[in-house]
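Notes follow once the structure below has been shown.
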Amino acid sequence: MKLTIIVPCYNEEAALHFFYEEMQKTMQSMPDTEFELLFVNDGSKDGTLVVIKELASKDPRVRYVSFSRNFGKEAAIYAGLSYSDGDLTAIMDADLQDPPSLLPQMYRAIVEEGYDSVATRRVNRKGEPPIRSFFARCFYRLMNRISKADIVDGARDYRLMNRSFVDALLAMGEYNRFSKGLFGWVGFETKWLEYENVERVAGETKWSFWKLFLYSIDGIVAFSTMPLSIAAFFGVFMCAVSAVSIVFIIVRQLLYGGSAFGWPSMVCITMFLGGIQLLCIGILGSYLSKTYLEVKRRPIFICKETNTVRRKSGAECSGEER
Ligand code: UDP
Ligand code: MG
């Protein structure tokens with residue numbers, strides 16, 4: 001059985017050697033499995049590609065795909081899946097935050113217990129700023145309430161999948177990819193493993209708070225149309241409020257005559273309504289912009305260099321030779 005491990009790398013020259021050494025141990029502990037290490041160089045600006053090529057020249061199991069620029073981790077995952085040739089495919093970070101030592105256990109869950117995929121989640125967020133953990137937790141709670149994506153709190157992208165699972169992911173060729181949601185959306189039987197958070201072995205994280213925040217909005221827009229319904233709900237609610245106010249003002253006019261008071265409240269109401277209108281236009285705009293990017297049908301990534309062959313993508317070609 002062949003196992004492909006996809007490793008998205010962006011400026012990981014410091015971590016790659018540690019990663020390779022650690023993987024070496026895991027691969028030795030699974031002698032019956034044929035391995036392929038598929039590094040996806042996501043337009044790194046440091047010597048990541050040089051390190052990968054060095055590994056590839058020593059070890060024929062090392063394959064790589066190198067992008068023409070930085071396309072983001074989601075694009076790197078998609079590229080990895082479309083080039084993956086294994087019966088089983090894993091996605092693993094290059095910084096050893098996804099412990100390779102879990103692989104044998106994940107492998108057994110698919111081969112012996114018959115699961116289609118094995119996913120992992122961190123049970124704690126040790127070493128992470130508390131404010132980030134707080135927002136992350138709020139995000140997961142909100143996401144599960146408003147979408148069908150079925151995202152588990154603390155879920156990592158670290159996962160082992162069988163061929164049908166990978167083909168299902170490839171069949172979703174959308175441009176705005178939010179893998180954590182896609183994994184849940186495709187269904188299948190998934191087993192969850194838990195582990196304690198591990199800190200990055202070298203180098204530094206590529207995710208600022210702001211980047212994560214924008215990413216979470218991408219996730220919501222990609223998997224839920226609830227914000228659009230909320231915009232409509234605001235509209236209905238404001239209509240009801242204005243109907244009541246009109247009746248109130250007419251009755252007051254008839255009973256007590258006109259009133260010159262009320263301009264501060266008028267300003268407040270105008271600003272409030274202006275705010276709601278802009279918010280709703282903004283919500284509409286974010287869906288429109290995603291639709292715009294989607295209809296352009298630009299490629300998800302552009303490969304500049306590789307030492308492997310792309311498998312035809314999509315579920316329809318399962319079982320074919322690459
Ligand atoms: N990564 C990538 N492209 C990017 C950003 C990150 O391929 O634009 C890779 C990165 O090299 C690493 C993985 O995604 O292997 C996770 O990134 P990181 O460790 O910085 O994220 P964190 O673990 O802090 O969430
Ligand atoms: Mg990391």
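Order of listing sets the numbers, starting from 1, for every ligand and every atom in it.
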Discussion item. Under 2.8 Å from the Mg ion (ligand 2), is there any N, O or S atom belonging to D95?
Written reply: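 Under 2.8 Å: D95 contacts the Mg ion (ligand 2) through an N, O or S atom.
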
Worksheet item: ligand 1 and A76, any nitrogen or oxygen pair closer than 3.5 angstrom?
Response: no

Worksheet item: What part of N70 sits under 4.0 Å from ligand 1 if we count only heavy atoms: the side chain, the backbone, both or neither?
Response: side chain

Worksheet item: Heavy-atom contacts under 4.0 Å between P8 and ligand 1: side chain, backbone, both, or neither?
Response: both

Worksheet item: Any idea which atoms of ligand 1 are less than 4.0 Å away from a heavy-atom of C9?
Response: 7 (O), 11 (O)

Discussion item. Using a 4.0 Å cut-off to any heavy atom of D42, which atoms of ligand 1 qualify?
Written reply: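 Those qualifying, in numeric order: 2 (C), 3 (N), 4 (C), 7 (O), 8 (O).
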
Worksheet item: Looking only at heavy atoms, what is the nearest atom pair of R63 and N307, with distance?
Response: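 That would be NH1-O, 2.6 Å.
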
Among protein heavy atoms, which sits nearest to [atom], and what does the distance come to when rounded to 0.1 Å?
atom                    : value
atom 17 (O) of ligand 1 : W207 NE1, 3.8 Å
atom 1 (N) of ligand 1  : Y10 CB, 3.8 Å
atom 18 (P) of ligand 1 : R200 NH2, 3.4 Å
atom 12 (C) of ligand 1 : E12 OE2, 3.2 Å
atom 24 (O) of ligand 1 : T205 OG1, 2.6 Å
atom 19 (O) of ligand 1 : D95 OD2, 2.6 Å
atom 20 (O) of ligand 1 : K206 N, 2.8 Å
atom 16 (C) of ligand 1 : D93 OD2, 3.2 Å

Discussion item. Has S208 got a side-chain atom pairing as donor or acceptor with K211's backbone, closer than 3.5 angstrom?
Written reply: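 Yes, because the side chain of S208 sits within donor-acceptor range (under 3.5 Å) of the backbone of K211.
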
Practice prompt. Would you confirm whether S224, through its side chain, and I220, through its main-chain N or O, come within 3.5 Å as a donor-acceptor pair?
Written response: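 Not a single qualifying donor-acceptor pair exists.
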
Discussion item. Distance alone, cut at 3.5 Å: any donor-acceptor contact between the side chains of Y158 and Q97?
Written reply: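 Absent: no donor and acceptor within the cut-off.
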
Discussion item. Suppose we call two aromatic rings close when their centres sit under 6.0 Å apart. Are F71 and Y78 close by that rule?
Written reply: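 No.
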
Worksheet entry | Pair F139 and F213, ring centroids less than 6.0 Å apart | no

Worksheet item: Would T89 and T4 satisfy side-chain hydrogen bond (donor to acceptor under 3.5 Å, both in side chains), going step by step from the backbone distance to the final call?
Response: CA-CA 5 Å; T89 303; T4 301; 4.9 Å; no

Worksheet item: Do R156 and W192 meet the cation-pi criteria used here (NZ or CZ under 6.0 Å from the six-membered ring centre, within 45° of the axis)?
Response: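 No, R156 does not sit over the ring of W192.
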
Practice prompt. Evaluate the criterion salt bridge (Lys or Arg N to Asp or Glu O under 4.0 Å) for residue pair D153 and R141; output intermediate values, then yes/no.
Written response: CA-CA 8 Å; D153 186 6; R141 211 168 294 156; over 6 Å; no

